[in-house]
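For the numbers below, each heavy atom of this structure counts, side chains included, while hydrogens, waters and symmetry mates do not.
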Amino acid sequence: MHGSHRPYPRGARVAHLLREEIAAVLPRLHGMSSGLSPLPPSITMVDLPTDMRSATVYFSLMDGPDRADTVRKTLQDHAGEIRQMLGRRLALRRIPPLQFVYDARFDRGAEMAELLAHLPPAPEDLP
């Protein structure tokens, strides 16, 4: 195996790095707190096409989907500021434009858990 061989493609490494760094800079953004309180979003995934010309940033909310549209708009309104912060933090030639999307996968899991919690108990023995 060649020394410069990476275990996964550059795009996947950059997407992982962007996810970590976006999560790290969100608490530092000025003027965003009103649109993000009481609980900040969690960055769940960054989808980066092979040309790396854009990045889709998926986020979830611990308190459910009720604030999703407001939070998405707030994040999108501050996308340029987030890109600037990333540019100062990362050794990348270019930070791609960011598109924020609410990740509803976790809502479905919470809904299923809620449904299962309200099922009647199973009978011990069937005749």
ask   = Does atom CG of D51 have more than 12 heavy-atom neighbours from other groups under 6.0 Å away?
value = yes
query = Is it true that L17 and Y58 fall in one hydrophobic cluster, defined by side-chain heavy atoms closer than 4.5 Å?
reply = no
request  = Determine, stepwise, if the pair L86 / L98 fulfils side chain to side chain contact (heavy atoms under 4.5 Å, CB included).
outcome  = CA-CA 11 Å; L86 293 173; L98 307 173; 4.2 Å; yes
task = Please name the pair of heavy atoms, one in P41 and one in F59, separated by the smallest distance, quoted to 0.1 Å.
result = CB-CD1, 3.8 Å
R19 CZ to L48 CG distance, which is reported to the nearest 0.5 Å = 13.5 Å
inquiry  = Holding to side-chain hydrogen bond (donor to acceptor under 3.5 Å, both in side chains), I want the full list of residues that pass it with Q84, two or more places apart in sequence or in another chain.
reply    = none
request  = Please report the closest heavy-atom contact between M52 and R94, naming both atoms and the distance.
outcome  = O-NH1, 3.6 Å
request  = Flag the pair R105 / T44 as yes when at least one side-chain heavy-atom distance between them is below 4.5 Å, and no otherwise.
outcome  = yes
ask   = Same cluster or not: are V71 and M45 linked, directly or through other Ile, Leu, Val, Met, Phe, Trp or Tyr residues, by side-chain heavy atoms under 4.5 angstrom apart?
value = no
note = The side-chain hydrogen bond (donor to acceptor under 3.5 Å, both in side chains) partners of D77 (sequence neighbours excluded) come to K73
inquiry  = Assigning hydrophobic clusters by single linkage (Ile, Leu, Val, Met, Phe, Trp, Tyr; side-chain heavy-atom cutoff under 4.5 Å), is I95 placed with V101?
reply    = no
ask   = Just by distance, do the side chain of R83 and the backbone of P96 share a donor-acceptor pair under 3.5 Å?
value = yes
request  = State plainly whether one hydrophobic cluster holds both I22 and M85, where clusters connect Ile, Leu, Val, Met, Phe, Trp and Tyr through side-chain heavy atoms under 4.5 angstrom apart.
outcome  = yes
Side chain S60, main chain D103, donor-acceptor under 3.5 Å = no
task = Return yes when atom CZ of R93 has more than 12 non-hydrogen atoms of other residues, nucleotides or ligands closer than 6.0 Å, and no otherwise.
result = no
ask   = CZ/F100 to CD/Q76 distance, rounded to the nearest 0.5 angstrom?
value = 6.5 Å
Close side-chain approach of L61 to Y102, heavy-atom, < 4.5 Å = yes
remark   = What one should report as the nearest heavy-atom pair of A55 and L18 is CB-CD1, 4.4 Å
request  = Go through L26 and I43 one step at a time and tell me if the side chain to side chain contact (heavy atoms under 4.5 Å, CB included) criterion holds.
outcome  = CA-CA 10 Å; L26 284 182; I43 304 302; 3.9 Å; yes
